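So you know, we letter chains A, B, ... as the sequences are listed, proteins then strands, and number each from 1. Small disclaimer: the values here were computed from a predicted structure and weren't measured. Computed from heavy atoms alone, side chains included, the values below leave out hydrogens, waters and symmetry copies.
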Amino acid sequence: MMKPSLPQGTRDFSADVVRKRQYIFQTIRNVFELYGFQPLETPAMENLETLMGKYGDEGDKLIFKILNNGLDHPNKKDQAISDFQQVLEGKNNKGITERALRYDLTIPFARYVAMNHGQLSFPFKRYQIQPVWRADRPQKGRYREFYQCDADVVGSASLLNEAELAHIYLEVFRRLQVPVELRINNRKILSALANICGGTDKMTDITVAIDKLDKIGLDKVKEELFQRGLNEIQVELIEKYLAIVGNNDEKLKQAESILGSDEQGKTGLAELKYVIDFMKGTDGSYPLTIDFTLARGLNYYTGTIFEVKANGVQMGSIGGGGRYDDLTGLFGVSGIPGVGISFGVDRIYDVMEESGLFPETIAQGTKMLFFNLGEAESRYAFEIMQQLRNAGIACEIYHEQAKFNKQFKYAEKKRIPYIVIAGSEELASSTCKVKNLETGEQRTINKSEILHSFDY
RNA sequence: GAGGGCGUAGCUCAGUUGGUUAGAGCAUCAGAUUGUGGUUCUGAGGGUCGGGGGUUCGAGACCCCUCGCUCUCCCCA
């Protein structure tokens with residue numbers, strides 16, 4: 001007999017965990033709806049070509065590909081062998097695989113918009129809560145199957161959208177009571193930096209390196225920049241850029257002095273200023289932080305970029321997003337700009353679990369357990385129980401006659417707060433006994449009064 | 001793709017320089033206890049020591065291979 005197991009990086013979720021996860025999903029969903037976003041669901045799998053080339057070289061490698069069916073057909077054997085030869089050389093081949101599991105929710109959304117742009121009214125605001133899959137090596141806070149919760153606005157270049165999405169981030173984490181830092185930057189600023197230091201083609205090299213600043217420190221970043229082919233003057237300028245400190249207003253001013261001469265830099269800084277001004281409190285403080293080292297991996301971002309870090313725990317980002325000028329252009333429909341954000345539920349869960357942030361109240365299911373004390377008794381209990389169920393109160397009856405000991409333990413294990421004893425004595429007097437397991441308090445009540453006798 | 005750590009009962013783990021029949025706690029089941037649980041006491045079941053090969057008189061332990069899990073780097077949510 002085989003020993004059952006799970007694929008690497010996937011998990012089963014037991015009742016308690018599901019309830020906690022639902023709590024997070026529901027919180028996010030409520031806020032999305034509150035801001036006027038509408039739900040969308042797309043298939044778990046997409047055509048491979050829809051996904052390939054959208055996430056960079058690294059991303060392509062992490063896409064879960066689905067093997068075609070029927071490869072073992074005798075007539076196709078030779079073809080399959082030669083097709084597979086190509087796969088071995090690192091090329092994709094339609095004869096072997098033409099579908100893949102979705103890698104994120106943004107590209108499938110872009111595909112959806114491109115397919116349906118004639119029917120949609122713009123700006124189109126959708127949210128999507130579904131699992132995604134990545135063929136990554138699992139580790140802490142990293143899974144092969146995990147959920148994303150995305151909200152995107154397409155068909156509008158207005159920076160008001162950025163402000164709204166930033167508020168959604170703040171509101172969700174306020175409701176969940178997770179302390180976070182919301183960081184913001186703008187790709188145009190990074191692009192300007194690249195322009196000044198070695199040309200646009202160096203943008204990736206520069207952003208990848210400076211993104212690591214808080215992890216590896218300035219010296220290592222400089223080292224990496226040299227390795228990536230930048231010269232002394234360029235690195236010196238980047239160092240000046242990285243040395244920008246202070247509050248948001250001060251940071252903007254310093255960045256202006258370095259990048260203000262560049263056309264893109266000017267635009268990027270103006271965009272950034274617009275968004276954070278929108279967030280500014282009456283006391284002049286900001287609920288979000290400008291972080292000029294923030295780069296984000298996905299290469300379709302062109303303007304504002306966001307990232308959310310949980311305070312006080314060792315964990316990668318728990319959310320991220322940004323603006324893309326022309327995502328649907330990849331699918332032949334251009335001129336639809338958009339901006340979106342994403343929540344990483346699995347990481348948010350881990351953070352909340354680690355910090356003990358889940359409310360007690362969500363752990364509970366059944367409110368009352370009816371003891372089973374015999375054939376006639378259980379029929380009597382059943383009748384009372386159905387009154388409660390009809391009133392929307394979750395109850396169950398013990399599945400068979402058993403000793404009190406057993407039935408009590410069952411209730412305790414399932415954390416059922418009340419038990420009801422309806423045996424021969426109670427049957428004879430049309431009553432039942434309700435016991436609060438936490439306090440030990442027990443009352444005998446008339447069976448018709450059960451609905452109104454307790455707070456549930 | 002690169003590099004660590006760990007695999008012993010359902011779970012968490014002991015297991016000494018290699019030495020008889022591999023242990024504990026928790027959990028499970030039964031009894032003390034056939035209408036009032038959580039405590040206590042007694043007893044029971046449960047193991048190809050991840051798998052394969054090797055060294056040895058003798059391997060849970062040492063060596064090699066392999067599988068699985070986990071963590072770090074890269075990258076990401």
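Atom name C1', nucleotides B/C76 and B/C64: the rounded distance is 36 Å, in whole Å. Comparing B/A30 with B/G53, their C1' atoms sit 44 Å apart, to the nearest whole Å. Comparing the P positions of B/U33 and B/C26 gives a spacing of 23 Å, expressed to the nearest Å. B/U34 and B/U48 have their P atoms separated by 36 Å, with the value rounded to a whole Å. Comparing the C1' positions of B/U8 and B/C69 gives an interatomic distance of 15 Å, to the nearest angstrom. For the C1' atoms, the distance from B/C6 to B/C13 is 13 Å, rounded to whole Å. Taking the C1' atoms as reference points, B/A14 lies 12 Å from B/G60, given to the whole Å. On the C1' atoms, B/G46 is 9 Å away from B/G10, given to the nearest whole Å.
For the pairing with A/F371, the ring pair (Phe, Tyr, Trp, His ring centres under 6.0 Å) check across A/Y410, A/Y398, A/F408 returns one residue only, A/F408.
The separation between A/F146 atom CZ and B/A77 atom P is 7 Å, rounded to whole Å. Between A/D57 atom CG and B/G1 atom P there is a gap of 16 Å when expressed in whole angstrom units. The separation between A/E307 atom CD and B/C75 atom P is 13 Å, rounded to whole Å. Straight-line distance from the CD1 atom of A/I63 to the P atom of B/A77: 14 Å, rounded to whole Å. If you take NZ of A/K54 and P of B/C75, they are 23 Å apart, rounded to a whole angstrom. The CZ-C1' distance, from A/R102 to B/A77, rounds to 14 Å in whole Å. The CZ atom of A/R183 sits 15 Å away from the C1' atom of B/A77 (whole-angstrom rounding). Between A/D150 atom CG and B/A77 atom C1' the separation is 10 Å, expressed in whole Å.
Salt bridge status for A/K125 with A/D152: absent, with no side-chain N to carboxylate O gap under 4.0 Å. Ion pair A/E171/A/R174 flagged as a salt bridge, since at least one NZ, NE, NH1 or NH2 atom sits closer than 4.0 Å to an Asp/Glu carboxylate oxygen. We find that A/R183 and A/E181 are joined by a salt bridge, their nearest charged nitrogen and carboxylate oxygen being less than 4.0 Å apart. Note on A/K220 versus A/E224: no salt bridge recorded, every NZ/NE/NH1/NH2 to OD/OE distance being 4.0 Å or above. A salt bridge links A/E383 with A/K447: the distance from a Lys NZ or Arg NE/NH1/NH2 to an Asp or Glu carboxylate oxygen falls below 4.0 Å. Salt bridge status for A/R99 with A/E46: absent, with no side-chain N to carboxylate O gap under 4.0 Å.
The residue A/G56 sits apart from the nucleic acid: no heavy atom pair falls under 4.0 Å. As judged by a 4.0 angstrom heavy-atom cut-off over every strand, A/S342 is placed among residues making no nucleic acid contact. Across all strands, A/K309 comes closer than 4.0 Å to no nucleic acid atom at all (heavy-atom distances). The residue A/Y143 sits close to a base: some heavy atom pair falls under 4.0 Å. Residue contacts shown for A/V132 are absent, as no nucleic acid heavy atom lies under 4.0 Å away. Counting non-hydrogen atoms under 4.0 angstrom, A/I341 reaches nothing in the nucleic acid.
Side-chain N/O atoms of A/R142 and base N/O atoms of B/A77 include no donor-acceptor pair closer than 3.5 Å. Between the side chain of A/R347 and the base of B/C76 there is at least one donor-acceptor pair of N/O atoms closer than 3.5 Å.
Side chains of A/Q401 and A/N372: no donor on one and acceptor on the other come within 3.5 Å. A donor atom on one side chain and an acceptor atom on the other are not found under 3.5 Å apart for A/Q139 and A/R137.
Across all strands shown, B/G31 pairs with B/C41; the Watson-Crick or G-U wobble distances both stay below 3.5 Å. Judged by Watson-Crick or G-U wobble contacts below 3.5 Å, the nucleotide B/G7 has B/C67 as its partner. Pair assignment for B/C62: B/G54, on the basis of Watson-Crick or G-U wobble contacts that are both within less than 3.5 Å. With a cut-off of 3.5 Å on both Watson-Crick or G-U wobble distances, the partner of B/U72 is given as B/A2.
Residues from residues 27-39 of chain A lying near RNA chain B, meaning a heavy-atom separation below 4.0 Å, are absent.
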In the 5'-to-3' direction, what one-character label does each nucleotide of nucleotides 31-43 of chain B receive under the scheme B = base within less than 4.0 Å of a protein heavy atom, S = sugar-phosphate only, - = no such atom? S---BBBB-----
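Out of B/A77, B/A27, B/C69, the shortest distance to the side chain of A/Q8 is found at B/C69. Checking B/C71, B/A30, B/A77 against the side-chain heavy atoms of A/S317 singles out B/A77 as nearest.
Here CG of A/N446 is found 7.5 Å from OG1 of A/T431. Values are rounded to the nearest 0.5 Å.
Of the two residues contacting RNA chain B, namely A/R144 and A/P7, the nearest-nucleotide position lying further toward the 5' end is that of A/P7.
Checked against the 6.0 Å centroid criterion, the rings of A/F343 and A/F32 qualify as a close aromatic pair. Taking the six-membered ring for Trp and the full ring otherwise, A/Y103 and A/Y55 have centroids separated by under 6.0 Å.
Residue A/Q139 places at least one side-chain N or O closer than 4.0 Å to OP1 or OP2 of B/U72.
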